[in-house]
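First the structure, in the form of structure tokens, and then the observations on it.
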Amino acid sequence: TTEYKGLAYNGAGVFVAVGPSGSAWSTDGETWTAETPFLGLNMNDVEHYGGTWIAVGNVNQCFYTTDYTAATWTACATSGFGANAINTTVASPAGMWLVAGNTARVNQTTDGGLTMLSPVEDYGSGGWFDSIWNGSQFVLIGRDNMVHSGLDATSLVVESPYQSTRLWSGALIDGNAIAFDGTTYVAGSQNGHIAHTTSLSANPWNKVIPTEFGSNEINGIIYNAGLGMFIAVADNATLCTSTDAGASWTPSVVPLGAG
């Protein structure tokens, strides 16, 4: 079974996907060419900025490439995660990259992976599962209601949902995904719940339990400005869209065998 966990677009006609199945690239999102550099590795995420792709995965795996179709990769400088997984990576317009993962570790690079911080920054015992650049700062979301924001790996601060009122309905729930449309943040959790807010420091965030997701784990959320909607993907080929900033969701049909 082919499985990919991370997908990125370079803004110039190339999509790249990574996962346990390796990597693949496409110029139209329909026809894909498989590559082999990650076979046997469990890659979690890929991002592109300024001509550089960075891919991250389990057991301290971090690779970079400037190859247009990301066919060949080079290992990043030591990222400091030990045996822990790196789950997410994101870049700012200034060329600052963050890589973040288990045990709430975060590292950064300003040269596309050639050098990184040593020692790595450690924000506790949780873990990071998704990250975005909101136009002015990084935002990270993860295990046990964790939400942090900041300008770099050394300056992330805790947002209020983690400090007091639970971000998700129930007890300690992992936040898997987050997206931003310029006004509203929409986040998805491991139990199919949605939280949305116009302020990271809001306490609490607006919580929604859409029946469209059931109890499926939400694995990714993006905002498509052209369509004016949030798009969320979850387990069991579940895909839903929202045109009202996460308040309600509409299921979409995912063709069997897609992806």
Side-chain angles (χ1 to χ4, degrees), residues 3-9 16-20 23 38 41-49 52-64 70 73 76 79-93 95-110 112-113 116-117 120-134 137-156 158-159 162 167 173-180 185-190 195 200 217-223 231-234:
E3 181 182 358
Y4 294 103
K5 293 183 177 180
L7 176 67
Y9 179 62
V16 170
V18 302
S23 67
F38 300 135
L41 302 179
N42 194 348
M43 305 306 293
N44 294 322
D45 196 17
V46 63
E47 184 63 84
H48 180 276
Y49 182 75
T52 297
W53 304 88
I54 288 186
V56 295
N58 288 355
V59 196
N60 197 27
Q61 293 160 355
C62 180
F63 299 87
Y64 69 92
W73 297 77
C76 298
S79 54
F81 285 78
N84 295 289
I86 308 176
N87 299 319
T88 180
T89 181
V90 63
S92 75
M96 169 76 72
W97 292 78
L98 295 192
V99 295
N102 289 357
T103 64
R105 295 184 181 185
V106 186
N107 211 329
Q108 69 185 42
T109 177
T110 56
M116 287 190 169
L117 294 177
V120 65
E121 293 295 318
D122 191 333
Y123 287 90
S125 59
W128 303 115
F129 297 128
D130 199 14
S131 55
I132 59 172
W133 174 261
N134 71 358
Q137 62 181 346
F138 294 102
V139 179
L140 283 72
I141 191 169
R143 182 166 294 143
D144 299 348
N145 305 280
M146 293 175 64
V147 180
H148 282 44
S149 63
L151 294 176
D152 56 37
T154 67
S155 64
L156 298 176
V158 180
E159 297 294 346
Y162 178 57
L167 176 56
I173 300 296
D174 295 349
N176 282 356
I178 189 168
F180 184 59
Y185 297 90
V186 175
S189 77
Q190 70 183 84
L200 287 175
E217 184 169 355
I218 298 174
N219 298 310
I221 300 177
I222 63 169
Y223 178 71
I231 303 170
V233 292

Return the set of residues passing side chain to side chain donor-acceptor pair (under 3.5 Å) with [X] (not counting sequence neighbours), or none when no residue passes.
| X | value |
| --- | --- |
| D152 | T154, S155 |
| Q108 | none |
| D130 | none |
| N42 | K5 |

So which atom in [X] and which in [Y] form the shortest heavy-atom distance, rounded to 0.1 Å?
| X | Y | value |
| --- | --- | --- |
| A91 | Y49 | CB-CB, 3.7 Å |
| T89 | D45 | N-OD2, 3.0 Å |
| A153 | L117 | CB-CD1, 4.1 Å |
| G113 | I54 | N-CD1, 4.3 Å |
| V46 | A8 | O-CB, 3.5 Å |
| V186 | I221 | O-CD1, 3.9 Å |

Can you tell me how far apart [atom1] ([X]) and [atom2] ([Y]) are? Round to the nearest 0.5 Å.
| X | Y | atom1 | atom2 | result |
| --- | --- | --- | --- | --- |
| N84 | D122 | CG | CG | 9.0 Å |
| L151 | L98 | CG | CG | 10.0 Å |
| E47 | I132 | CD | CD1 | 11.0 Å |

Applying side chain to side chain contact (heavy atoms under 4.5 Å, CB included), name anything that partners [X], two or more places apart in sequence or on another chain.
| X | result |
| --- | --- |
| A17 | Y4, L7, W32 |
| V120 | F81, R105, N107 |
| S92 | A94, M96, W133, F138 |
| S131 | T88, V90, L140 |

### Task
Apply side chain to side chain contact (heavy atoms under 4.5 Å, CB included) to the pair N176 and E217, showing each step before the final yes or no.
CA-CA 8 Å; N176 282 356; E217 184 169 355; 2.7 Å; yes
Please examine the side chains of [Y] and [X], heavy atoms only from C-beta on, and report whether any two atoms are closer than 4.5 Å.
| X | Y | result |
| --- | --- | --- |
| S23 | M43 | no |
| Q190 | F129 | no |
| N44 | I86 | no |

Quick one: list whatever passes ring-ring contact (aromatic ring centres under 6.0 Å, His included) with [X], sequence neighbours left out.
| X | result |
| --- | --- |
| W128 | H148 |
| Y185 | F180 |
| F63 | F38 |

